[in-house]
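Worksheet: one structure, shown below.
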There are 2 protein chains.
Amino acid sequence: MLIYTIATMIQVEEALSIIAENSTNMPVQKIQVSKSLGYILAETVYSPIAMPPFRQSAMDGYAFIHSEKHQYDIVGISQAGDHSKIKLKENEAVRIFTGAHVPNNADTVIMQEHVMATEKSILITRMPEQFANVRNKGEQIGEEEVVFKANTLITPAAIGFLACLGITEVEVFKKPKVAILVTGNELVEPGEKLSKGKIYESNSVMLQAALQTIGIKKTKVYKVKDNLKATKKALKEILKKNDIVLISGGISVGDYDFVKEALLENGVQELFYKINQKPGKPMFFGSKNDTLVFALPGNPASSLTNFYIYVYPAIKNRMGFSDIHLKKMLRKLNDNVTNTTGKTLFLKALYDETHVTVLNGQSSAMLNTFAIANSLLVVPNDVESLKKGQLVTLLPID
Amino acid sequence: MLIYTIATMIQVEEALSIIAENSTNMPVQKIQVSKSLGYILAETVYSPIAMPPFRQSAMDGYAFIHSEKHQYDIVGISQAGDHSKIKLKENEAVRIFTGAHVPNNADTVIMQEHVMATEKSILITRMPEQFANVRNKGEQIGEEEVVFKANTLITPAAIGFLACLGITEVEVFKKPKVAILVTGNELVEPGEKLSKGKIYESNSVMLQAALQTIGIKKTKVYKVKDNLKATKKALKEILKKNDIVLISGGISVGDYDFVKEALLENGVQELFYKINQKPGKPMFFGSKNDTLVFALPGNPASSLTNFYIYVYPAIKNRMGFSDIHLKKMLRKLNDNVTNTTGKTLFLKALYDETHVTVLNGQSSAMLNTFAIANSLLVVPNDVESLKKGQLVTLLPID
């Protein structure tokens with residue numbers, strides 16, 4: 001009756017490579033620039049116009065033809081949005097505002113703080129260099145020049161730049177559709193009464209929130225009874241409709257864990273099953289076509305650790321990011337840390353501008369420490385101790 | 001005809017204090033835990049239950065009463081979700097799974113890897129300590145104990161912890177309603193034809209995206225003609241309906257800028273108007289009741305700089321955050337930087353794990369540099385040079 005699966009345990013680095021190799025780019029889609037924040041460009045974008053589109057004043061002041069003269073007659077006005085057709089003579093100037101068109105034969109703008117002005121004329125009190133305060137046409141970018149290369153991340157500034165060139169749509173890699181499958185007869189919904197032996201189901205809302213932090217706004221949650229038939233049936237539908245499937249619970253070696261069997265029977269190829277780490281050792285990773293399956297540990301803190309270490313880069317990779325992992329950070333360690341486990345440790349930690357402190361309460365079942373942590377300190381499996389004051393690598397999660 | 005406003009210029013630090021002093025906390029609201037990511041708790045939360053709610057097994061294995069004996073008869077099973085009523089004798093054990101209820105008089109769980117088992121009995125091959133692998137009731141948190149103090153940020157882990165305690169609603173500070181008002185006759189919508197002298201309006205989508213990065217998902221954009229009457233009328237409605245108003249364009253000293261007049265006539269109190277910095281010098285900050293008004297510079301890069309430096313902390317403050325500013329970061333400078341302006345500089349920069357490089361193209365009209373920057377390097381107004389290799393402060397914006 002008792003069947004214990006003997007699976008090869010792999011190292012963290014190996015798990016990360018397998019995930020990276022199997023996370024293919026999502027298909028591309030056209031998207032409105034105004035909705036493209038956080039996407040990665042799937043095309044190189046060229047500018048349809050020169051920017052600025054005409055010679056612009058960089059100041060509020062007066063446009064004139066640079067000369068030795070200090071006095072000029074005001075013969076007109078050019079405000080933002082105008083197209084001035086005035087042709088200046090040598091002793092003439094035009095009142096002009098920031099961003100406005102500089103009349104064709106003017107070559108210099110004097111800022112208004114450096115003139116004495118009446119309604120009819122100005123006296124320059126501090127002569128600028130020739131060509132001062134004029135932004136040339138195409139100074140920022142020329143027509144048909146590259147705005148952004150493919151694989152650029154779309155930031156607020158990028159959106160601003162695309163919009164100022166009049167670009168309304170870009171081609172990006174789609175975001176993956178992610179589903180969460182929750183198994184476990186011991187689970188009760190928050191808000192319901194907790195009968196004896198039961199616990200509240202919390203991993204699905206936690207994972208939904210973690211997904212939101214990386215731009216996956218909507219995630220469908222499926223809940224099934226802890227048996228093979230129900231799990232197998234649910235998985236069939238979920239695998240068809242999603243690009244990434246997160247499974248919470250039911251993947252340990254216990255007799256009552258049907259998830260792995262249900263996955264294999266649905267044609268999911270196992271890529272690894274256990275990782276030499278703490279917390280988060282038991283994690284099934286597999287794929288079917290391009291859909292990736294992560295069966296995360298049931299313990300909340302293990303589940304969230306593995307989300308940040310493994311699911312996060314998989315999603316980033318599918319979205320076309322080049323830097324797919326949590327950014328590494330270096331800090332000085334505030335305490336000694338020992339590692340007698342032979343495993344890679346991911347320790348909940350709190351960093352400031354210069355130092356990092358490992359928090360108390362590293363149990364895989366405990367989320368309270370995680371809730372106040374802003375980073376994970378990585379202790380590699382072959383490192384037995386880290387000394388106080390040593391520079392260590394951590395992964396910020398804030 | 002020409003009226004130049006002579007306004008006192010204040011330093012960056014002063015501007016930041018004035019904004020902090022005037023950004024009051026938003027009112028509180030009840031919110032579902034599942035939707036509370038990124039909010040700040042307005043109440044101290046107490047646990048309605050003990051966690052774990054009962055003595056749990058931390059392993060898949062066998063529960064027994066610790067003794068010298070190595071052989072035990074299997075008399076039952078306790079799986080996750082069960083409430084085992086078995087009363088064990090000294091030579092008896094119960095098959096048990098991770099998270100399952102430990103029978104009342106059992107005190108120890110042996111992991112299954114450390115026994116030889118038949119269907120009827122086990123032989124312990126490696127005796128654990130007494131009380132091993134048992135999570136005590138309330139080990140993580142006791143009933144009525146503090147879960148989170150008021151003013152805690154709700155992270156994915158916090159959501160998981162609240163949910164596992166069965167908590168479905170919490171009281172948080174509301175997010176501010178933000179509106180963007182765009183003025184300027186020179187502006188054309190992206191997608192439309194660009195006639196002579198006009199430019200595309202890009203600040204509103206840029207600011208909307210920047211707001212999204214800090215959790216303000218929906219922002220209404222109002223566009224008005226560059227005249228006093230239209231601006232005044234629009235502002236009246238906008239001030240009534242919003243907690244923060246961002247105005248783009250129309251706040252320089254040019255004759256054609258009606259925004260300041262429209263603000264004052266609507267009862268907005270001016271708190272400052274110019275800051276001794278580059279880019280981003282002209283910025284009106286004012287308030288009416290609790291509503292804050294930022295009239296940002298029209299130049300895109302100036303506008304975005306001031307968003308990160310001033311609007312960002314105002315929003316964080318209103319939402320109840322204790323750390324309201326962009327996190328400071330220390331890096332070694334890759335080049336010499338000089339500052340002959342007497343102003344505080346915010347330079348677009350690119351940092352890696354250890355160093356920071358100041359990017360080319362710091363013009364206030366240019367967004368292309370901003371789009372590839374991941375940080376702003378701060379050069380204080382009284383610092384004339386920063387040397388290559390020196391540790392400098394930067395503000396990450398990625």
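Order of the sequence lines sets the chain letters (A, B, ...), proteins ahead of strands, with each chain counted from 1. Computed from a predicted structure; not experimentally measured.
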> Looking at A/Asn185, A/Asp82, A/Asp352, A/Leu194, which makes the most heavy-atom pairs under 4.5 Å with chain B?
Replying inline: A/Asp82
>> Taking side chain as everything from C-beta outward and backbone as N, CA, C, O, which of these in A/Phe148 sits under 4.5 Å from a heavy atom of chain B? Side chain, backbone, both or neither.
In response: side chain
>> Can you confirm whether A/Lys196 is buried at NZ, in the sense that more than 12 heavy atoms of other residues, nucleotides or ligands lie under 6.0 Å from that atom?
In response: no
Mind listing the side-chain donor-acceptor pairs of residues 155-170 of chain B below 3.5 Å, one per line with the distance, residues two or more places apart or on another chain?
| residue | atom | partner | partner atom | Å |
| --- | --- | --- | --- | --- |
| B/Thr155 | OG1 | B/Ala157 | N | 3.4 |
| B/Thr155 | OG1 | B/Ala158 | N | 3.1 |

> What part of A/Asn368 is in contact with chain B, defined as an atom under 4.5 angstrom from a non-hydrogen atom: side chain, backbone, both or neither?
Replying inline: both
> Side chain, backbone, both or neither: which part of A/Asp398 has an atom under 4.5 Å from a heavy atom of chain B?
Replying inline: side chain
> With sequence neighbours excluded, what pairs up with B/Thr219 under the side chain to side chain contact (heavy atoms under 4.5 Å, CB included) test?
Replying inline: B/Val178, B/Ile180, B/Gln208, B/Leu211, B/Ile216
> Contact part of A/Asn374 toward chain B, heavy-atom cut-off under 4.5 Å: side chain, backbone, both or neither?
Replying inline: side chain
> B/Arg55 side chain to B/His101 main-chain N or O, any donor-acceptor pair under 3.5 Å?
Replying inline: no
> Measuring heavy-atom distances to chain B, does A/Thr354 have an atom under 4.5 Å in its side chain, in its backbone, in both, or in neither?
Replying inline: side chain
> Do other residues, nucleotides or ligands put more than 12 heavy atoms under 6.0 Å from A/Lys328 NZ?
Replying inline: no
>> Let's test your reading of the structure: which of B/Ile49, B/Val188, B/Val205, B/Leu153 forms the most heavy-atom pairs below 4.5 Å with chain A?
In response: B/Val205
>> Counting heavy-atom pairs closer than 4.5 Å to chain A, which one of B/Glu189, B/Lys35, B/Arg135, B/Gln56 comes out on top?
In response: B/Arg135
>> Strictly distance-based, threshold 3.5 Å: is any side-chain N or O of A/Gln212 a donor or acceptor partner for the main-chain N or O of A/Ala209?
In response: no
>> Looking at chain A, which one of B/Gln140, B/Lys198, B/Glu186 has the largest number of heavy-atom pairs inside 4.5 Å, strictly under?
In response: B/Gln140
> Donor-acceptor pair, A/Tyr200 side chain versus A/Glu192 backbone, under 3.5 Å?
Replying inline: yes
>> What part of A/Pro53 gets within 4.5 angstrom of chain B, counting heavy atoms only: side chain, backbone, both, or neither?
In response: side chain
